[in-house]
Structures are given as C-alpha cells and as structure tokens.
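Worksheet: the structure to be examined is printed underneath.
First the proteins, then the strands, lettered A, B, ... as listed; each starts at 1.
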Number of protein chains: 2
Amino acid sequence: MSTPSPKHALFEQFALVAKTLGHPQRLELIEQLGQGPRSVDLLAEKLRLPIANVSQHLQVMRRAGLVVAERRGKFVVYALSGGSVLEAVASLQRIAKANLAEVDKIVRGYFDQRDALEPISREELAARVKDGLVTVLDVRPEDEYALGHIPGAINVPLTELERRVQSLPQGQEVVAYCRGAYCVLSFEAVDILRNRGLAARRLADGMPEWIAHGLPVDRSISLP
Amino acid sequence: MSTPSPKHALFEQFALVAKTLGHPQRLELIEQLGQGPRSVDLLAEKLRLPIANVSQHLQVMRRAGLVVAERRGKFVVYALSGGSVLEAVASLQRIAKANLAEVDKIVRGYFDQRDALEPISREELAARVKDGLVTVLDVRPEDEYALGHIPGAINVPLTELERRVQSLPQGQEVVAYCRGAYCVLSFEAVDILRNRGLAARRLADGMPEWIAHGLPVDRSISLP
DNA sequence: TTGATAATCAATGATTTCGTTGAATGATTG
DNA sequence: CAATCATTCAACGAAATCATTGATTATCAA
C-alpha cells in the first residue's frame, strides 16, 4: 500500500525507538548518559570507541528521540531526552533477566558467589545513611563521582580499591554502588571487600535510579 | 577479543530484547497478545500476514524472551512472557510521543481530519439516536449485550467486527461504545471502522455510565 | 492408514544496518 | 587570520535482517 494506515505509521515510530535501543553500545551510551549529560568526546573515551562511531550512534539516538543534543562552546553535550528512556531500559533488563537463560548464565558464571547476599535497596540504604550505620562506597571513576554522588559516599575507584581498602572505616558494613543494576563495578568491589574480611553488600541499582527517585545528590568533591 | 567481557555479554542480551521489539509487526503481535494467548493461525489472520512470516516473528520473540509458546493440540498458543513486556512497550510509546514530531503529526492528521478525536457525549448521542442520525454500535461480547444495551444499538462484538463491517448501514456516522470510559474495545472498533473508511466516533464512556444517568436501556435481544 | 490442518524449517535475494575512512564544518584560541 | 580541537558528513564494503517460497514435521480426524 502506498499510504500505510495511521496505526501502522505509529507502530513504525514505536519500532524505531526500540530498534535504536537494540544495540549494545548504544545501551552503554545510555548507561553513561543516565549519570548526566556528556560530550561526544568523553563518551568515546569511556567506551573506547572511535569518536566518529560514537557520534553516529548519538545521532541515530537523537533521531529516535532517545537523547537531545546541545552545543556548548566547542562541545556538543548529549543528554537523555527523559526519564522514560531509563524506564525502557529497565524493562528490557527485567525481561532479559526473567526469560533469557543466557543472562542467568552470565551473571552466575561471572558474578556468582560475589553476590551471595541480597543487594540492599535504595530505601534501606537511604535510611541507614541517615543513621550513619554504613560506609557508602562509590566505585565509579573519579570523574563520574565528581559529577554527582550519594551524599557521604566515599569515592574509591575500583582500580584503586585493593590498594586503599584498609583506609576504609573498619567496623561498619560497606555498601558499594556504581552506574546501575547491571554495572559490574559494584559486583567486583563487593568481591574484593569480602575477600578482605569486610561486611560488604551491593546497592541493588545505581546512581541514575537514585537520581530518578529524587533522593539527595551531592555534587561537591570530597576527597576521601 | 575472543572472550567478550561479561559486561558486554550482558548488554548484548539486553540489546537482543530491544532489537526484537524493533519491528512494527512484532509490536502489533504484542498488542494482540496483550489481550490474551493466541494461536499462530489467529494472529496471522488478525495481522493479515502469511502464517510463515508470523511464525518466524513469534520464534524470534520467543528466543528474545518476549513470548512463550505452548502446544495445545493442533495449535501452538503464544502468550506474553510477563508484564514487563507491556511495560517496555509503554515506555517506547511514551518516548516516541514525547520526542518524535512525526508521532504528533500522525495523531493529528489521523484524528483531526475526521473530527473524531473528541468522543461524543452521552447527551449528544441520546439526542442523535432520537433523530435516527447515527448507527449505535455495541462492541461488547454477546452475553454482555444481552444483559442490557442502548436502545437501537447493534451488537457486533469486536472479534466479529472486521468480518461484519460491510453489513452496517453505510451512509451514517457510527458511534461505538463498550464497557466504560477506558474500555479499549471501542477504541479498537473506531480504529477498524476508520480503516474501512467509515465515519466512526466513540462514546465518551460506556454502558455503566449510561445506566447510572437514568438513560433508557433495552434488555431485549435484537438480532442484527 | 490416509488426508487435512497447524506450524516450522531451510534457503534465497532484497534491503538495511554497521563500522571505518578521510574529508568537511563549527567554534575557540593564539 | 591561521591553527587547533570537537564534531559531523559522505561513502564504502561487510554483515545482519527481512519476506517469500516451497518442503517438512506434528497432530487430529476420517
């Protein structure tokens, strides 16, 4: 048919959004943007991809309404177009986790036993932070920490954790978090900490979800 | 790299789910399955697509964890794998509506043209019925119709509408109603009728409200 | 057993998407 | 203005996806 029915035209648009989400590196870009607006430059460096490639991906995502771009001087800063994007990704993860044996296999094969204990929920952590009962550990790289973190969180990037583990408060439970529910950094951090005998747990999700639920964010830099 | 990092392997899985959602006809299949489990046969008929094609799509969706299949006698019945699937689709729609100008254009062009965006009110309908200006269409299942309907309304359950659409009075505007303001049947009925070129509108609410406001109810059975 | 119906499989060519390359644009700095 | 940096554009071949076709398997009924 030359003129598709409006209904199909709409489905076409919805499919465009989904199709655009259907690429691992674009999902990784979204994970990064979930923590805040970023330049093409920085994203390319984070993902270790050619700048041109990242630029292409971002433009595809812009055309699909997933991100918005704003020129700021020399840079073009991209940001998520809205909260629905992270919601969509969260749904994808839920579907995959619940129905794809492969996901279980990956998670179990690589992270199992590192996560023997239940992860701690946002609400629980927020409450304990108020009571000063836990040490909150942000294991993302320094620059991501600087752009916003959970108040009171200590930043020890995963790469330095082993070296600096003894500088952490000893008697307390440690809760590690990073970029999101499937960010591997916090898994690895908990593993390291447990091996050193600390009571360590993992936040069930990460920074973007913390922000999305309106919990307080500290944008100042506090050196550990 | 020979062995992709577990992180990348996970993103690969999430992307698979999204990629699978990224096809208009698969989204339409999900819309159908959102109403309940269906056989390949029936889905193919609904979408007016070759059975082999629908079967392929369903299998792709099964591999991506979106649907599950169960053989029931001669038939294979597919169903959504869980609620997250509809959540994901809802997010897609929200993203598209909020950020894609194209969607606005389609919706506007679609509804404006026929002055049908506005549902018709109870009072207006009651007046027009008296003048015999409209065909009133009850798209609920037969048993619900039998228990009470708007006088003069013709019962054509949504499931049969497509088949019986040509038996409706042709020159007149059609007003469809069903169970209530948010009952989807009347939306779909209007959609079907418009695709067939009829001037169709939707009653703002449904039968319960009609009764509640003391308007006349016909409890006899009139075969169309 | 045979025939009919429902669904899947296998294979093909057409179309789309992807990553890379190198050149072009836009904006700031010297 | 020239030099530089950040980003985008254009174009290419490689790879993946799609719809279609015809053959094949599974189940039921006669």
Side-chain angles (χ1 to χ4, degrees), chain A residues 1-2 4 8-9 11-30 32-33 37-79 143, chain B residues 1 4 8-9 11-30 32-33 37-79:
Chain A
M1 28 183 109
S2 57
H8 283 103
F11 275 104
E12 200 88 48
Q13 296 297 312
F14 302 152
L16 171 65
V17 178
K19 196 181 306 185
T20 306
L21 286 173
H23 193 291
Q25 282 158 349
R26 289 200 281 260
L27 289 178
E28 201 171 346
L29 286 170
I30 290 175
Q32 288 292 333
L33 292 176
R38 297 288 136 98
S39 70
V40 180
D41 203 21
L42 203 107
L43 291 168
E45 191 190 345
K46 281 276 177 196
L47 272 70
R48 297 166 183 278
L49 288 176
I51 292 186
N53 192 2
V54 170
S55 174
Q56 308 270 41
H57 278 311
L58 289 168
Q59 281 171 76
V60 170
M61 291 163 80
R62 194 162 56 80
R63 263 176 255 134
L66 292 172
V67 302
V68 293
E70 182 199 356
R71 173 138 230 153
R72 202 170 291 179
K74 267 204 288 200
F75 298 83
V76 175
V77 174
Y78 282 85
D143 57 334
Chain B
M1 29 183 108
H8 202 264
F11 275 102
E12 200 88 49
Q13 297 297 311
F14 302 152
L16 172 65
V17 178
K19 196 181 305 185
T20 306
L21 287 172
H23 192 292
Q25 282 159 347
R26 288 201 281 260
L27 290 178
E28 202 171 347
L29 285 171
I30 289 174
Q32 288 293 332
L33 293 177
R38 296 286 136 95
S39 70
V40 181
D41 202 22
L42 203 108
L43 292 168
E45 192 190 344
K46 280 271 179 201
L47 273 71
R48 299 168 183 279
L49 287 176
I51 293 187
N53 191 1
V54 170
S55 175
Q56 308 272 38
H57 279 309
L58 288 169
Q59 280 170 78
V60 171
M61 290 163 80
R62 194 162 56 82
R63 263 176 256 134
L66 292 172
V67 301
V68 292
E70 182 199 357
R71 184 168 267 279
R72 201 169 292 180
K74 267 203 290 200
F75 299 83
V76 174
V77 173
Y78 281 86

Test: salt bridge (Lys or Arg N to Asp or Glu O under 4.0 Å). Region: [range]. Which pairs qualify, not counting sequence neighbours?
range                     : value
residues 53-73 of chain A : Glu70(A)-Arg72(A)
residues 49-58 of chain B : none
residues 37-48 of chain A : Lys46(A)-Asp143(A), Lys46(A)-Glu144(A)

In Å and rounded to the nearest 0.5 Å, what is the [atom1] to [atom2] distance from [X] to [Y]?
X        : Y        : atom1 : atom2 : value
Leu27(A) : Leu66(A) : CG    : CG    : 9.5 Å
Leu29(B) : Leu47(B) : CG    : CG    : 5.0 Å
Ile30(A) : Leu43(A) : CD1   : CG    : 11.5 Å

Inset, instruction - Of all the heavy-atom pairs spanning Tyr78(A) and Val40(A), show the shortest one and how long it is. - result: CE1-CG2, 3.5 Å

Legend entry - Least distance between heavy atoms, Ile51(A) atom then Ala44(A) atom: CG1-CB, 3.8 Å

Legend entry - Partner set under side-chain hydrogen bond (donor to acceptor under 3.5 Å, both in side chains) for Gln59(B), not counting sequence neighbours: Ser55(B)

Inset, instruction - Between protein and nucleotides 11-21 of chain D, map the contacts as a letter string: B base, S sugar-phosphate only, - none, heavy atoms under 4.0 Å, written 5' to 3'. - result: ------SSSBB

Inset, instruction - Between protein and nucleotides 25-30 of chain D, map the contacts as a letter string: B base, S sugar-phosphate only, - none, heavy atoms under 4.0 Å, written 5' to 3'. - result: --BS--

Inset, instruction - Kindly state which residues belonging to residues 11-18 of chain B come within less than 4.0 angstrom of DNA chain D, counting heavy atoms of the residue only, listed by number. - result: none

Legend entry - Terminal helix-axis angle for the helix from dT1(C)-dA30(D) to dG30(C)-dC1(D), with five pairs defining each axis and rounding to 10 degrees: 20°

Legend entry - Side-chain N,O (Tyr78(A)) to OP1/OP2 (dT8(D)) below 4.0 Å: yes

Legend entry - Integer-rounded Å distance: dA6(D) P and Ile51(A) CD1: 7 Å

Inset, instruction - Please identify each residue that fulfils side chain to side chain contact (heavy atoms under 4.5 Å, CB included) with Pro37(A), with sequence neighbours left out. - result: Val77(A), Ala79(A)

Inset, instruction - Apply side chain to side chain contact (heavy atoms under 4.5 Å, CB included) to Ala52(A) and list each qualifying residue two or more places apart in sequence or on a separate chain. - result: none

Legend entry - Where chain A begins and ends its contact with DNA chain C, read 5' to 3' at 4.0 Å from heavy atoms: dT17(C) to dT28(C)

Just list the side-chain donor-acceptor pairs under 3.5 Å for residues 11-25 of chain B, sequence neighbours left out, or say none.
residue, atom, partner, partner atom, Å
Thr20(B), OG1, Leu16(B), O, 2.7
His23(B), ND1, Gln25(B), N, 3.2

